[in-house]
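What's counted below: heavy atoms across the whole structure, side chains too, no hydrogens, waters or symmetry copies. This structure is a prediction, so every number in the text was calculated from the model and none was measured. Numbers here simply count residues along the sequence, with the first being 1.
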Amino acid sequence: MEEKELAERCRLGESVARKELYELFAGRMLGICLRYTGDRETARDLMHDGFLKIFNSFDKFTWRGQGSLRAWMERIMINTVLQYLRKNDVMNQASTLENVTEIYEEPESSSIDIIPQKVLMQFISELPTGYRTVFNLFIFEELSHKEIARLLGINEKSSASQLTRAKASLATKIREWVKNNE
């Protein structure tokens, strides 16, 4: 079924269309939730919450061409996860990486290229929640620190600091992995 038709049939509440939508996008949406939570069980719960919001919000969806349905769904998933993170005040919880410097040396891009994507995603998932959240919003969603600060209820300097610490932690893990796998 074409994306536009699928969206329209979901808007009409057709169970077959909703099932197809879920089957088409569940993996991608779980990946988004997992990227922010780092915990499969929480990610799965949030994905299901996100799909409920999607199914109840089709009257707000506007078709803007191929890919617009997926983009709209991703935005709802990200907002669902961010709402959960704000509710649980994870941005203000103490970090286990307080000793991470705010100055770091980025690994060479050739080092990063040899690391399997699954390993890199594991490194990201192991970051403390605040670092991981800011990193994901900045790198994957391409938001500015001002936008991140507004979304998370933190100041811009905190967003920048958390991103720098996330990058420093990742750089350390990447260098260790490269050293152990050369």
Would you say that [X] contacts [Y] through its side chain, given a criterion of any heavy-atom pair below 4.5 Å between the two side chains?
X	Y	result
F135	Y36	no
L163	I148	no
M77	L46	no
W72	S57	yes
R40	R44	yes
P116	W177	yes
E141	R75	yes

Item to check | Pair I78-L137, side chain to side chain contact (heavy atoms under 4.5 Å, CB included): steps then yes or no | outcome: CA-CA 9 Å; I78 291 166; L137 291 170; 4.3 Å; yes
Item to check | Ion pair R70/E74, N-O distance below 4.0 Å | outcome: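 Looking at R70 and E74, the cut-off is met.
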Item to check | Pairing of E126 and R132 as salt bridge, 4.0 angstrom limit | outcome: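 A salt bridge is absent here (no side-chain N lies under 4.0 Å from a carboxylate O).
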Nearest 0.5 Å, please: how far is [atom2] in [Y] from [atom1] in [X]?
X	Y	atom1	atom2	answer
T42	Y84	OG1	OH	4.5 Å
L143	N136	CG	CG	10.5 Å
I54	F61	CD1	CZ	10.5 Å

Flag, side chain of [X] to backbone of [Y], donor-acceptor distance under 3.5 Å:
X	Y	result
E147	S144	yes
S68	G65	yes
S125	Q122	yes
T172	A168	yes
S169	R165	no
R86	L152	no

Next on the checklist: My understanding is that only residues two or more places apart in sequence, or in another chain, count here; which of them pass side chain to side chain contact (heavy atoms under 4.5 Å, CB included) with A149?
Outcome noted: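 Per chain and number, A149 pairs via side chain to side chain contact (heavy atoms under 4.5 Å, CB included) with I154, E156.
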Item to check | Sequence neighbours excluded - salt bridge (charged side-chain N to carboxylate O under 4.0 Å, His left out) pairs with any residue from residues 48-67 | outcome: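 Non-adjacent pairs meeting salt bridge (charged side-chain N to carboxylate O under 4.0 Å, His left out): zero.
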Item to check | Cation-pi, F140 ring and R35 (6.0 angstrom, 45 degrees) | outcome: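 Positive - R35 is close enough to the ring of F140 and near enough to its axis.
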Item to check | L52 vs H48, side chain to side chain contact (heavy atoms under 4.5 Å, CB included): CA-CA, chis, key distance, verdict | outcome: CA-CA 6 Å; L52 289 174; H48 290 297; 5.8 Å; no
Next on the checklist: What verdict does the salt bridge (charged side-chain N to carboxylate O under 4.0 Å, His left out) test give for E14 and R18, after you've listed the backbone C-alpha separation in whole Å, the side-chain angles of each residue and the deciding distance to 0.1 Å?
Outcome noted: CA-CA 6 Å; E14 292 183 19; R18 288 180 173 191; over 6 Å; no
Checklist entry - Who pairs with E3 by salt bridge (Lys or Arg N to Asp or Glu O under 4.0 Å), at least two apart in sequence or on another chain? => result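 Partners of E3 by the salt bridge (Lys or Arg N to Asp or Glu O under 4.0 Å) criterion come out as none, since no residue qualifies.
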Next on the checklist: Quick one, F58 with L69, criterion side chain to side chain contact (heavy atoms under 4.5 Å, CB included). Give me CA distance, side-chain angles, the key distance, then yes/no.
Outcome noted: CA-CA 10 Å; F58 263 101; L69 176 61; 3.8 Å; yes
Item to check | Cluster check M29, M121: I/L/V/M/F/W/Y, side chain < 4.5 angstrom | outcome: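 Linked within one cluster.
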Next on the checklist: Using 30° and 60° as the class boundaries, would you call the ring planes of F51 and Y22 parallel, tilted or perpendicular?
Outcome noted: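 Geometry flag for Y22 against F51: tilted rings.
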Item to check | Pair K19-E23, salt bridge (charged side-chain N to carboxylate O under 4.0 Å, His left out): steps then yes or no | outcome: CA-CA 6 Å; K19 182 177 188 270; E23 289 172 353; 2.8 Å; yes
Checklist entry - So R150 and H145, side chain to side chain contact (heavy atoms under 4.5 Å, CB included) or not? Walk me through it. => result CA-CA 8 Å; R150 183 184 52 77; H145 288 298; over 6 Å; no
